[in-house]
Amino acid sequence: MGLTVLSGPSGVGKGTVVAAVRERHPEVWVSVSATTRAPRPGETDGVEYHFVDAEEFARMVKAGEFVEHAMFAGHAYGTPRGPLRERLAAGVPCLLEIELLGARQVRSAMPDARFVFLAPPTFEELVRRLTGRGTESPEVIARRLDRARIELAAETEFDHVVVNDDVRAAAARLVALMIGS
Ligand SMILES: Nc1ncnc2c1ncn2[C@@H]1O[C@H](COP(=O)(O)OP(=O)(O)OP(=O)(O)O)[C@@H](O)[C@H]1O
Ligand SMILES: Nc1nc2c(ncn2[C@@H]2O[C@H](COP(=O)(O)O)[C@@H](O)[C@H]2O)c(=O)[nH]1
């Protein structure tokens, strides 16, 4: 139980696997991060993210409102502290979907958390997924793939590796690690 951190390169399918977990396991609470990036079509403020501007993000950092925060491909992302603290205190299984630098910060602050790396079946498949999603420009895709190489090299820092070959199977493996079912 407690806190699980899910990381993995951009486009591997973290959001898709987390959505599958939520569908079948409403008892799992998923943190909603703050970000300075613009919403993608179909994203709603307060659902996928709290979309904030750089000034508000800086204020939140200064006020100590984040458990962790990091820059990723030109935008800031952070995990709000208050909601996570409340759910953990209530004994709710909590899930953070965050990139590598944030995961390392959580590892330092909360070493008892469980750290899971979501890996692609192959690098070529990762490129196909990221490109096929169609949400980023070629320049942003290139930045995210540069970062993906760094993230993939850090796989061994994690307690568990789940390969996202099939969404339902990967979600089931993640839940089994989180709550043992
Ligand atoms: N197991 C899978 N097989 C095939 N396609 C997948 C699989 N999992 C996810 N995808 C597809 O890959 C694309 C990227 O998935 P998703 O947006 O969930 O990735 P992500 O890791 O959350 O990315 P980011 O970190 O950039 O937000 C989506 O188009 C999604 O439908
Ligand atoms: N360190 C953090 N990383 C986060 C957080 N929320 C999301 N993320 C990660 O950022 C990248 C890009 O996300 P995208 O939605 O723009 O594709 C991805 O790896 C997310 O997991 C956070 O609060 N802190």
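Atoms within each ligand, like the ligands themselves, are counted from 1 in listed order.
Using a 4.0 Å cut-off to heavy atoms of Pro9, the atoms of ligand 1 that qualify are 21 (O). The distance from ligand 1 to the heavy atoms of Val167 drops below 4.0 Å at these ligand atoms: 1 (N), 2 (C), 7 (C), 8 (N).
A salt bridge does not link Arg107 with Glu157: every distance from a Lys NZ or Arg NE/NH1/NH2 to an Asp or Glu carboxylate oxygen is 4.0 Å or more.
At least one heavy atom of Arg144 sits closer than 4.0 Å to an atom of ligand 2. Residue Ala19 places every heavy atom at 4.0 Å or more from ligand 1. Residue contacts with ligand 2 do not include Phe66, since none of its heavy atoms lies under 4.0 Å from the ligand. Ligand 1 lies within reach of Arg144, whose nearest heavy atom is under 4.0 Å from it. By the 4.0 Å heavy-atom criterion, Arg40 is counted among the residues contacting ligand 2. Using a 4.0 Å cutoff on heavy atoms, Leu118 does not count as a contact of ligand 1. Contact analysis puts Thr79 in contact with ligand 2, with a non-hydrogen atom separation below 4.0 angstrom. Heavy atoms of Gly78 approach ligand 2 to within less than 4.0 angstrom.
The protein heavy atom nearest to atom 26 (O) of ligand 1 is Ser10 OG, 2.5 Å. Scanning the protein heavy atoms around atom 30 (C) of ligand 1, the nearest turns out to be Thr16 OG1, 3.6 Å. For atom 20 (P) of ligand 1, the nearest protein heavy atom (residue, atom name, distance) is Lys14 N, 3.4 Å. Here the heavy atom of the protein found nearest to atom 19 (O) of ligand 1 is Gly13 N, 3.1 Å. Protein heavy atom at the shortest distance from atom 5 (N) of ligand 1 is Arg129 NE, 3.5 Å. Remark: minimum distance from atom 27 (O) of ligand 1 to any protein heavy atom is reached at Arg133 NH1, 3.4 Å. Among protein heavy atoms, the minimum distance from atom 8 (N) of ligand 1 is reached at Asn164 ND2, 3.0 Å. Regarding atom 14 (C) of ligand 1, its nearest protein heavy-atom neighbour is Gly11 O, 3.5 Å. For atom 7 (C) of ligand 2, the closest non-hydrogen atom of the protein is Tyr49 OH, 3.2 Å.
No more than 12 heavy atoms of other residues, nucleotides or ligands sit less than 6.0 Å from atom CZ of Arg168. Open room surrounds CZ on Arg24; 12 or fewer heavy atoms of other groups in view lie less than 6.0 Å from it. Counting non-hydrogen atoms of other residues, nucleotides and ligands closer than 6.0 Å to CZ of Arg147 gives a total above 12.
Side-chain N or O atoms of Lys14 include one that pairs as donor or acceptor with a backbone N or O of Gly8 at under 3.5 Å. In this structure a side-chain-to-backbone donor-acceptor pair under 3.5 Å is present from Thr35 to Ala76.
Taking the centre and axis of the six-membered ring of Phe66, the NZ or CZ atom of Arg81 falls outside the cone set by 45° and 6.0 Å.
The distance from atom CG of Leu3 to atom CG of Leu95, rounded to the nearest 0.5 Å, is 8.5 Å. Note that CD1 of Ile141 is 9.0 Å distant from OG of Ser10, once rounded to the nearest 0.5 Å.
On a distance-only criterion, Gly15 and ligand 1 share at least one N/O pair closer than 3.5 Å. For ligand 2, one of its N or O atoms has an N or O atom of Glu97 under 3.5 Å away.
Selection from Ala148, Ser33, Ala34 by nearest heavy atom to atom 5 (C) of ligand 2 gives Ser33. Distances from atom 9 (C) of ligand 2 to the heavy atoms of Glu68, Arg37, Glu99, His50 put Glu99 nearest.
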Open item on the list: Go through it in stages, so that I can follow the logic: the residues are Leu177 and Arg114, the test is side chain to side chain contact (heavy atoms under 4.5 Å, CB included), and I'd like the CA-CA distance, side-chain angles, deciding distance and then a yes or no.
Closed with: CA-CA 8 Å; Leu177 293 170; Arg114 184 180 296 105; 4.2 Å; yes
Open item on the list: Does Glu136 form a salt bridge (Lys or Arg N to Asp or Glu O under 4.0 Å) with Arg40? I'd like the steps, not just the answer.
Closed with: CA-CA 9 Å; Glu136 272 80 28; Arg40 294 178 184 137; 2.8 Å; yes
Open item on the list: Determine whether Arg129 and Glu125 satisfy the following criterion, salt bridge (Lys or Arg N to Asp or Glu O under 4.0 Å), listing intermediate values before the conclusion.
Closed with: CA-CA 6 Å; Arg129 288 182 191 175; Glu125 174 62 12; 2.8 Å; yes
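Test His69, Glu68, Glu97 against Thr79 for side-chain hydrogen bond (donor to acceptor under 3.5 Å, both in side chains) and you get one pass: Glu68.
A heavy-atom distance below 4.5 Å is not found between the side chains of Thr44 and Pro39.
Heavy atoms of Lys14 found under 4.0 angstrom from ligand 2 belong exclusively to the side chain. Counting heavy atoms closer than 4.0 Å to ligand 1, residue Ala170 contributes nothing at all.
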